[in-house]
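See below for the structure under consideration.
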Amino acid sequence: MNIDEEYFKSQEFRELLNNYETTVEQDMTPFLDVDELVDIADYYSWQGDPESADEAIDYALDLYPSATLPNVFKARQALMDKDYDDAYRWLNAIEDHDDPDYHYLYAEILIAEGHADKADEYLRNYAKTVEPEEYEDYVRDCANLYVDYNESEKAYEWMMRSRGDESDDFKELMARTLFGLGKYKDSERIFNELIDHHPYSKHYWNALASAQLMNEDYSNAVTSSEYAIAIDPSDLSALSQKASGLFRLGNYKEALKYFKRYSELAPDDELGLLNQGVCMVYLNRNEEALPLFRMAQAVAPKDSPYMLQILQELAFCYGALHHLKQALEQLDKTEAMDCDHIDMMVIRGHILLQNGKVEESQETFKQAIIKSKNAPRIMLRIIVSLYDNRHLQACYEMLLKFFEIVHEYYPDYKEGNAYMALCCYELGRITEFMKYLRLAVEKDPSEAKFALAFLFPEGTTINDYVSYMEQRLK
């Protein structure tokens, strides 16, 4: 759905909306044209009011049952529910098969069904019938369609068919496409240009914050989200992104405040509750985290994309509180889910070890290694579990064996040095600690920062870790 935020703020639209709402309040049928009713439905959707949006669309369909846009609206709602048969039913209700929106919708249904290449062939064939003066808009609409479904490579192919220009619409579409391709810095640059033109657009500030978060530029992401919050203090995306940035910066107390504000505005959204619980865990407040994870589980729909994480966090939390039975029950629920079951075995082994079930944890870890065919990622996770459960000598010895294996079979493997440095530090093996600290900084700076940052003063850069520690150990 293409949202024209500027139009929704215009006097023209405000008068239209007021006229519509006054008519509805008087139990009268609003006799507006179909485009106006669809604009009103789009506005309500944008405001997070699906019931009012449906009401406006139903009025449109009562007055114009075969019109294109109301049926497109209904079809897209069906696609959100993955009800493809219903989407085709609304498609077939459209009378004008020459309307470009009819063809866009058909292609969209194909993309939603997982047939992106088939949709692309259909759109390229239809392009042959598009008038030359309309071709540029057609190309961009096709690119936009693929962007909406995270088919970024296809979107970029269509963008390259465009002549391009300096319009804000083109820039935004390119920025979204680049974001989907993982080119976050380029996306950020374009969103900054758009903000120069629209400094009070929370949409652009949020988009900029998203690009900065993905680029791990957390301080600037927090700043960008603050601008969006200043424009709209109740904007959920801005609150979530500020909280996420603060969390990534290690400021868990402040992050918790903003996740709480998010949940106050969206109490039935499991994401806010889940993130509050994670903050509590990082603040070593597991007893307070547990009810938050339970609430997240209670309000989340069965097909929630966050359900697996909720179950994992519940398992970890129960495990940390030594409620072993309840912890394992949460992991049992993941067995029927589409997830990495070897990862779940590692978590099970960790919780068993945490609760003194050493032999059971060893057997679980052994099975995870066998089933993963000695995958380095799995072996390293098991080793980190040994460290977390304070089996430092065993952790040290396993890391030595781990490096022998990965150096022979995976010569480019970079991870693990930071954990070895940490283990050597705690065991008092200072010479080895410095050796692995240098390797960690050189080969995997992100792991070094994650595992070792607490050893250094706040704000110390990765590049200064070795020199700082050399001075300290003197």
Side-chain angles (χ1 to χ4, degrees), residues 243-244 247-248 252 255-256 259-260 262-263 268-372 375-391 394-395 398 415 419 450-451:
S244 296
F247 182 89
R248 292 292 185 179
Y252 307 123
L256 179 60
F259 282 130
K260 280 183 176 178
Y262 180 100
S263 290
D268 294 328
D269 187 332
E270 68 271 26
L271 183 59
L273 295 164
L274 169 62
N275 283 322
Q276 282 187 66
V278 172
C279 287
M280 289 291 190
V281 168
Y282 273 81
L283 291 167
N284 295 314
R285 294 159 63 181
N286 286 298
E287 290 186 358
E288 294 172 79
L290 189 57
L292 289 163
F293 292 140
R294 285 174 176 163
M295 288 167 63
Q297 185 181 36
V299 302
K302 291 182 180 179
D303 60 348
S304 167
Y306 307 108
M307 184 57 77
L308 179 64
Q309 187 184 352
I310 291 170
L311 292 173
Q312 289 181 66
E313 296 294 350
L314 272 168
F316 279 126
C317 204
Y318 276 124
L321 294 170
H322 301 296
H323 301 315
L324 180 59
K325 179 182 176 183
Q326 292 95 322
L328 298 182
E329 285 174 352
Q330 304 309 313
L331 293 178
D332 290 342
K333 295 174 185 176
T334 70
E335 291 178 2
M337 298 177 71
D338 181 15
C339 64
D340 189 328
H341 295 288
I342 297 174
D343 278 347
M344 297 303 107
M345 291 181 72
V346 174
I347 294 173
R348 185 180 293 270
H350 172 84
I351 292 170
L352 287 166
L353 185 60
Q354 186 179 44
N355 284 270
K357 304 291 184 180
V358 178
E359 291 183 5
E360 292 176 48
S361 73
Q362 287 177 340
E363 181 59 29
T364 304
F365 285 149
K366 179 181 175 182
Q367 291 302 314
I369 291 171
I370 292 170
K371 290 191 176 184
S372 72
R377 178 181 67 86
I378 295 299
M379 289 191 286
L380 184 56
R381 286 192 61 195
I382 291 169
I383 291 167
V384 172
S385 176
L386 290 174
Y387 173 83
D388 288 342
N389 284 293
R390 313 310 294 156
H391 294 269
C395 177
M398 278 199 70
E415 297 175 29
Y419 294 104
F450 178 80

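Given the structure is predicted, the values throughout are model-derived calculations rather than measurements.
- Ser263 places no side-chain N or O within 3.5 Å of a backbone atom of Lys260 that could act as its donor or acceptor partner.
- The closest side-chain heavy-atom distance from Leu324 to Leu352 is below 4.5 Å.
- To the nearest 0.5 angstrom, Met345 atom CE is 11.0 Å from Thr334 atom OG1.
- Side-chain contact between Phe293 and Val281 is present, with heavy atoms from C-beta onward closer than 4.5 Å.
- For an aromatic pair to be called close, the ring centres must be under 6.0 Å apart, and Phe247 with Tyr282 satisfies this.
- Between Gln312 and Met344, the closest side-chain pair of non-hydrogen atoms falls below 4.5 Å.
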message: Phe259 vs Tyr252, test: side-chain contact (heavy atoms from CB on, under 4.5 Å). Steps then yes/no.
response: CA-CA 10 Å; Phe259 282 130; Tyr252 307 123; over 6 Å; no

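- Heavy atoms from other residues, nucleotides or ligands lying under 6.0 Å from CD of Glu329 number more than 12.
- At a threshold of 4.5 Å between non-hydrogen side-chain atoms, the residues Arg381 and Asp343 count as touching.
- With rounding to the nearest 0.5 Å, the separation of CE in Met398 from CG in Leu380 is 10.0 Å.
- In this structure, the side chains of Leu314 and Leu290 come closer than 4.5 Å at one or more pairs of heavy atoms.
- Of all heavy-atom pairs spanning Ala289 and Met280, the tightest one is CB-CB, 3.6 Å.
- Residue Ser385 is tested with Asp388, Asn389, Ile383 for a side chain to side chain contact (heavy atoms under 4.5 Å, CB included); the sole match is Asn389.
- In this structure a side-chain-to-backbone donor-acceptor pair under 3.5 Å is present from Asp269 to Leu271.
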task: List the steps, then state whether side-chain contact (heavy atoms from CB on, under 4.5 Å) holds for Gln326 with Leu321.
output: CA-CA 10 Å; Gln326 292 95 322; Leu321 294 170; over 6 Å; no

message: Show, in sequence, the C-alpha distance, side-chain angles and deciding distance for Leu353 and Leu386, and conclude whether the side-chain contact (heavy atoms from CB on, under 4.5 Å) test is met.
response: CA-CA 8 Å; Leu353 185 60; Leu386 290 174; 3.8 Å; yes

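- In this structure a side-chain-to-backbone donor-acceptor pair under 3.5 Å is present from Ser361 to Val358.
- Contact detail for Ala300 and Ser304: the closest heavy-atom pair is CB-CB, 4.0 Å.
- Separating the CD atom in Gln276 from the CD atom in Glu288 is a distance of 11.0 Å, to the nearest 0.5 Å.
- In this structure, the separation between CD1 on Ile342 and CZ on Arg377 is 7.5 Å, given to the nearest 0.5 Å.
- Contact record, Gly349 with Phe365: C-CZ, 3.4 Å, taken as the closest heavy-atom pair.
- Counting heavy atoms from C-beta outward, Ile382 and Lys366 have side chains that stay 4.5 Å or more apart.
- Contact of the Gln367 side chain with the Arg348 side chain is not registered, since no non-hydrogen atoms from C-beta on lie closer than 4.5 Å.
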message: Assess the residue pair His350 and Phe316 against the criterion (side-chain contact (heavy atoms from CB on, under 4.5 Å)); give the C-alpha distance rounded to whole Å, side-chain angles, the decisive distance to 0.1 Å, and a yes or no.
response: CA-CA 9 Å; His350 172 84; Phe316 279 126; 3.8 Å; yes

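- Relative ring orientation between His323 and Tyr318 is described as perpendicular, the plane-to-plane angle rising above 60° on a 0-90° scale split at 30° and 60°.
- In this structure, Leu331 and Ile351 have side chains that are in contact, with non-hydrogen atoms separated by less than 4.5 Å.
- Counted within 6.0 Å of CE on Met379, heavy atoms from surrounding residues, nucleotides or ligands total more than 12; the atom is thus considered enclosed.
- The structure places CD of Gln297 at 5.5 Å from CD of Gln330, a figure rounded to the nearest 0.5 Å.
- Distance CZ/Arg285 to CG/Leu256: 6.5 Å, rounded to 0.5 Å.
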